[in-house]
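Data first, discussion second: the structure below is written as structure tokens.
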Amino acid sequence: MSFSITTWNINSVRLRMPIVEQFLVRYKPDILCLQETKCPNGEFPMKPLKALGYEHVIIHGQKGYHGVAIASKIPLTEDHRQDYCGIGDARHISAIVQVGSRRIRLHNFYVPAGGDEPDRSINPKFGHKLDFIEEMKALRADGVPGTSSILVGDLNIAPLENDVWSHKQLLKIVSHTPVETEGMLDIMKKGNWLDLMRLNVPATEKIYTWWSYRAKDWEAADRGRRLDHIWSSQDLGPSLDRIEILREARGWNRPSDHVPVTAHFRF
DNA sequence: ATGGTCGGATGCCGA
């Protein structure tokens with residue numbers, strides 16, 4: 001059987017519902033994970049998602065900032081939300097999905113962006129990001145026997161040299177500083193996570209999922225970064241069919257600055 | 001050359 005899961009930082013789910021619906025009608029993933037919904041729970045657009053067959057929707061929102069959600073065609077059970085850094089931000093939501101004979105724990109994250117200055121002594125937002133990364137190191141992909149794991153989200157870090165348009169020019173730019181990229185690689189190592197977007201793509205090849213709104217012509221400049229990720233436990237690696245990065249979505253009407261990334265599995 | 005553009009708790013802050 002086939003199974004597909006998409007991650008997309010939507011930058012306001014209410015404003016972006018027309019392109020969310022367009023994406024779901026055209027690409028029909030089994031599960032859609034959203035970040036930066038910027039939507040209180042009572043105002044989340046449940047009806048249009050359910051009308052498209054995404055009957056199982058779990059949300060963790062707040063007013064104005066952050067917010068994560070999972071919309072699924074298949075049942076979501078044992079959902080929970082972890083308050084990373086204990087400051088009440090809506091940045092994580094998790095559930096179990098049963099796909100054929102496989103039981104999978106799914107995590108959807110929105111990691112703090114971290115502000116502009118990569119120095120925690122003058123920029124508390126960067127300190128918060130580093131603390132968040134530290135807390136993620138306790139999350140294991142293989143912690144529960146008989147349960148596989150998938151972790152998706154806007155992790156706001158581009159870990160490898162070719163996850164940014166210029167490694168050299170971005171070394172002091174938040175999202176690609178060594179303390180962040182090493183921290184992310186340590187999360188993966190400690191938790192035994194597999195970077196599915198890099199599984200079949202050589203490290204020499206550029207991969208981007210985000211292009212700044214500030215560029216005059218995002219496509220011509222092509223100064224992107226890989227901030228959005230799909231990880232899994234090691235056992236799911238052989239079942240990955242392909243990764244699809246929908247670059248064209250950056251050019252849709254009133255786009256998010258992030259594009260959808262989908263993992264297709266064959267179990 | 002150190003800007004630029006988005007979004008929402010909008011005339012600012014966070015990204």
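These values consider heavy atoms only, across backbone and side chains, with no hydrogens, waters or symmetry-generated copies.
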Atom [atom1] of [X] to atom [atom2] of [N]: distance rounded to whole Å?
X	N	atom1	atom2	answer
A/Phe126	B/dA15	CZ	P	13 Å
A/Asn123	B/dG14	CG	C1'	11 Å
A/Glu36	B/dG7	CD	P	11 Å
A/Gln169	B/dT2	CD	C1'	13 Å
A/Ile173	B/dG3	CD1	C1'	13 Å
A/His258	B/dG14	NE2	P	17 Å
A/Met17	B/dG7	CE	C1'	17 Å
A/Ile10	B/dG7	CD1	C1'	13 Å

When you compare [N] with [M], how far apart are their [atom1] atoms, in angstrom units rounded to a whole number?
N	M	atom1	answer
B/dT2	B/dG7	C1'	23 Å
B/dA9	B/dC13	C1'	9 Å
B/dG4	B/dG14	C1'	16 Å
B/dT5	B/dT10	C1'	15 Å

B/dC6 OP1/OP2 closer than 4.0 Å to side-chain N/O of A/Arg254: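 The answer is no; no side-chain N or O of A/Arg254 sits under 4.0 Å from OP1 or OP2.
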Using a 3.5 Å cut-off and no angle test, enumerate the donor-acceptor pairs between side-chain atoms of residues 13-23 of chain A and protein atoms at least two apart in sequence or in another chain.
residue: A/Arg14; atom: NH1; partner: A/Glu43; partner atom: OE1; Å: 2.4
residue: A/Arg14; atom: NH2; partner: A/Lys38; partner atom: O; Å: 3.0
residue: A/Arg16; atom: NE; partner: A/Ile10; partner atom: O; Å: 3.0
residue: A/Arg16; atom: NH1; partner: A/Arg254; partner atom: O; Å: 2.9
residue: A/Arg16; atom: NH1; partner: A/Pro255; partner atom: O; Å: 3.4
residue: A/Arg16; atom: NH2; partner: A/Asn11; partner atom: O; Å: 2.9
residue: A/Arg16; atom: NH2; partner: A/Tyr213; partner atom: OH; Å: 3.2

Just checking, any donor-acceptor pair under 3.5 angstrom between side chains of [X] and [Y]?
X	Y	value
A/Ser149	A/Ser233	no
A/Ser175	A/Glu180	no
A/Trp211	A/Asp257	no

Starting at the 5' end of DNA chain B and moving along, which residue's nearest nucleotide shows up first, A/Leu15 or A/Asn9?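 So the residue in question is A/Leu15.
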Both A/Pro112 and A/Gly64 contact DNA chain B. Taking the nearest nucleotide for each, which residue is further toward the 5' end?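 Between the two, 5'-proximity favours A/Gly64.
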Determine, stepwise, if the pair A/His66 / A/His60 fulfils ring pair (Phe, Tyr, Trp, His ring centres under 6.0 Å). CA-CA 9 Å; A/His66 325 313; A/His60 187 202; over 10 Å; no
Could you tell me how the ring of A/Phe109 sits relative to the ring of A/Phe132: parallel (under 30°), tilted (30 to 60°) or perpendicular (over 60°)?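 Answer is perpendicular, since the angle exceeds 60°.
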With the side chain of A/Lys63 defined as its heavy atoms from C-beta on, choose the nearest nucleotide among B/dG8, B/dA9, B/dA15.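 Nearest nucleotide to the side chain: B/dA9.
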Within 45° cone and under 6.0 Å: A/Arg223 NZ/CZ vs A/Trp165 ring: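 Pair A/Arg223/A/Trp165 counts as cation-pi.
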Considering only heavy atoms, which members of residues 208-230 of chain A lie under 4.0 Å from some atom of DNA chain B?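 Heavy-atom cutoff 4.0 Å gives A/Tyr213, A/Arg214.
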